[in-house]
Q: 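Here you go, one structure.
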Protein chains: 2
Amino acid sequence: MTEPPHIGIVDDDPALLKALGRLLRSQKLRTTSYASAEAFLADFENVDLDCIILDVSMPGMSGLALQEQIHARRPRLPLLFLTGQGTIPMSVQAVKAGAVDFLTKPVDQAELMTALERALTEGAQANRDAQELTELRDRFGRLSARELEVLRHVIAGKPNKAIAAELGVSEQTIKVHRMRVTQKTGVNSVVALVRAADRLGIKAID
Amino acid sequence: MTEPPHIGIVDDDPALLKALGRLLRSQKLRTTSYASAEAFLADFENVDLDCIILDVSMPGMSGLALQEQIHARRPRLPLLFLTGQGTIPMSVQAVKAGAVDFLTKPVDQAELMTALERALTEGAQANRDAQELTELRDRFGRLSARELEVLRHVIAGKPNKAIAAELGVSEQTIKVHRMRVTQKTGVNSVVALVRAADRLGIKAID
DNA sequence: TGAACAATTGAACCAAAGTTCAATCCGTGA
DNA sequence: TCACGGATTGAACTTTGGTTCAATTGTTCA
């Protein structure tokens, strides 16, 4: 990462936005502030955030509703709640929905920074995972429908002969399809094929 | 399951123990009550619980500390917090540590039963998973050290020839070891071998 | 319509894996 | 000490998998 992480802040309290923005920028972080959930969503597609710090109780859409919206768009983007009007049920819901933490105002700076660091670490890991997955998806996306079908039989552990019988084609055809699969995906061993297919959610045909 | 689920309740309030026990028993659930975390831990080995409902603030060991103790002994046993003196940080900590829910007194009966049902469902699933894992562990535990070593090379996707070279033995030896592995574990295909080894945390040797 | 691609098959061949029978060597426990 | 199980190897064999060359059919896209 050549650029510092970019933190989004959503809170209806201008004083907090200002103070928190100043604090984070002093830690060499980039920040973008939003006064409401709606303002944030309107800008969502235009910015590339690494973490979002959001209030729960705001006029208009609540922080918890915003969490749902964000989760639907970018499931692995780490969220940090920071609120003054929070309740236990709210915090439980937020954490169960995947929030990294749920802090209460006034917040201890060290506590906030610790949570933020954790969020950024998790987000970075999630990004690496997602990138690997995208690469895999690209390579397996090149497979034809038939090749994918053969693959799904292969990762069920069937021998070529059985696959050929089930598909009503010759064993040679299966071999060619398998060859194409390894060519297109770059995955040569059955072992790696199983792991890759499992990660991509490709289901075996038993 | 012929027997109804068995719920443990840990709370320092005798009135709550009594009321909650009555409620759960009316729902065809078995219950066992404990007045303190210490009392619960002393009895832990003797009972077979499916879920535990526990208070946070109790004289002596707190509910959160008890959660740690329970988690160390039975990581997948579902926990449900039910407390009157809870705080947001407590609830966040509990949920992050894996608690199914964190409810506040006075609790809505329907809410409690919903959470409890979810806890029991999760616990039952965890039990099924654990049982499958135990069976697998048994079968793979029969492997000799050498056979396990060969297996770890196999699930790295290496051909027998390469494994033989790395271990400084002949290819025939590897074949025999592999045959023993499939005999002892009952797993015939490489595909199934990879999945089983991965679930057991058996690491490949690359 | 012609080019390009997917799917299919056959033949022949080589490499890898699995099986069976037989044998040797080494440590551990009875 | 002797028997037993684990590790090792060899030989011979079968099955399965992977590769190459060549060819046919159907569909789709320009």
Side-chain angles (χ1 to χ4, degrees), chain A residues 135-200 202-206, chain B residues 136-198 200 202-206:
Chain A
E135 280 178 31
L136 267 189
R137 219 185 301 277
D138 276 356
R139 286 191 279 155
F140 280 77
R142 297 197 197 106
L143 298 179
S144 71
R146 193 59 155 177
E147 285 157 358
L148 183 60
E149 191 179 12
V150 169
L151 169 61
R152 294 178 57 192
H153 281 94
V154 169
I155 61 175
K158 296 176 190 169
N160 291 342
K161 187 186 288 186
I163 303 174
E166 277 194 58
L167 297 185
V169 299
S170 85
E171 194 180 337
Q172 295 303 322
T173 307
I174 303 300
K175 289 186 181 182
V176 174
H177 284 318
R178 289 188 67 157
M179 197 186 55
R180 294 263 154 73
V181 169
T182 65
Q183 277 179 351
K184 289 185 179 180
T185 64
V187 176
N188 41 5
S189 76
V190 190
V191 170
L193 218 48
V194 171
R195 295 221 172 88
D198 282 357
R199 290 220 309 179
L200 288 173
I202 296 175
K203 291 160 292 185
I205 303 178
D206 290 301
Chain B
L136 269 190
R137 220 184 301 278
D138 275 356
R139 285 191 280 154
F140 280 78
R142 296 196 196 106
L143 298 179
S144 71
R146 193 60 156 176
E147 285 156 0
L148 182 60
E149 192 179 12
V150 169
L151 169 62
R152 292 178 58 192
H153 281 93
V154 168
I155 61 174
K158 296 177 190 170
N160 291 342
K161 187 186 292 187
I163 303 174
E166 278 193 58
L167 296 185
V169 299
S170 85
E171 193 180 337
Q172 296 303 322
T173 307
I174 303 301
K175 289 185 181 183
V176 174
H177 284 318
R178 290 187 67 155
M179 198 187 54
R180 295 263 154 74
V181 170
T182 66
Q183 277 179 351
K184 289 185 179 179
T185 64
V187 176
N188 40 7
S189 75
V190 189
V191 170
L193 218 47
V194 170
R195 295 221 172 86
D198 282 357
L200 288 174
I202 295 175
K203 292 160 292 184
I205 302 179
D206 291 303

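Being a predicted model, the structure only gives us computed values, none of them experimental. Order of the sequence lines sets the chain letters (A, B, ...), proteins ahead of strands, with each chain counted from 1.
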Q: Measure from the side-chain heavy atoms of B:Gln172 and tell me the nearest of C:dG10, D:dG17, D:dA11.
A: D:dA11
Q: Between D:dT8, C:dG18, C:dT8, which one does the side chain of A:His177 approach most closely?
A: C:dT8
Q: Tell me: NZ of B:Lys158 to C1' of D:dG17, nearest whole Å?
A: 21 Å
Q: Consider the side chain of A:Lys175, meaning its heavy atoms from C-beta on, and name the nucleotide among D:dT16, D:dG18, C:dA17 that approaches it most closely.
A: D:dG18
Q: Take the protein atom CD1 of B:Ile174 and the nucleotide atom C1' of C:dT19, then report the distance between them rounded to whole Å.
A: 16 Å
Q: Mind running side chain to side chain contact (heavy atoms under 4.5 Å, CB included) on B:Asp198 and A:Arg195 for me, showing each step along the way?
A: CA-CA 9 Å; B:Asp198 282 357; A:Arg195 295 221 172 88; 3.0 Å; yes
Q: Tell me the closest heavy-atom pair linking B:Ala156 and B:Asp206, and the distance in Å.
A: CB-OD1, 3.5 Å
Q: Figure out the CZ/C1' separation between A:Arg180 and D:dG18, and round it to whole Å.
A: 13 Å
Q: Taking the basic N atoms (NZ, or NE/NH1/NH2) and the acidic carboxylate oxygens, is any pair closer than 4.0 Å for A:Arg146 and A:Glu149?
A: yes
Q: Strictly below 4.0 Å: does B:Ser144 bring a side-chain N or O up to OP1 or OP2 of D:dA7?
A: yes
Q: Rounded to the nearest angstrom, tell me the gap between atom CE in B:Met179 and atom P in D:dA7.
A: 13 Å
Q: Using atom CD1 of A:Ile163 as one end and atom P of D:dT16 as the other, report the distance to the nearest whole Å.
A: 12 Å
Q: Evaluate the criterion side chain to side chain contact (heavy atoms under 4.5 Å, CB included) for residue pair A:Leu167 and A:Val150; output intermediate values, then yes/no.
A: CA-CA 9 Å; A:Leu167 297 185; A:Val150 169; 4.0 Å; yes
Q: Go through C:dT8, D:dT20, D:dA7 for me and flag the one nearest to the B:Arg146 side chain.
A: D:dA7
Q: Does D:dG18 have OP1 or OP2 under 4.0 Å away from a side-chain N or O of A:Arg178?
A: yes
Q: When rounded to the nearest 0.5 angstrom, what is the spacing between CZ in B:Arg142 and CD in B:Gln183?
A: 12.0 Å
Q: OP1 or OP2 of D:dT9 less than 4.0 angstrom from a side-chain nitrogen or oxygen of B:Ser170, does that happen here?
A: yes
Q: Counting only side-chain heavy atoms from C-beta out, which of C:dA6, D:dA7, C:dA17 sits nearest to A:Lys184?
A: C:dA6
Q: Whether B:Lys161 contacts C:dA15 is assessed here as follows: a side-chain N or O lying under 4.0 Å from the phosphate OP1 or OP2. Is that the case?
A: no
Q: Tell me whether the side-chain N/O atoms of B:Asn160 come closer than 4.0 Å to OP1 or OP2 in C:dA17.
A: yes
Q: When the distance from CG of B:Asn188 to C1' of C:dT19 is rounded to whole Å, what number comes out?
A: 15 Å
Q: Looking for any heavy atom pair under 4.0 Å, which part of the strands does A:Thr173 touch: base, sugar-phosphate only, or nothing?
A: base
Q: Can you tell which of C:dA17, D:dA7, C:dT9 lies closest to the side chain of B:Pro159?
A: C:dA17
Q: Find the distance A:Glu147:CD to C:dT8:P and express it as a whole number of Å.
A: 10 Å
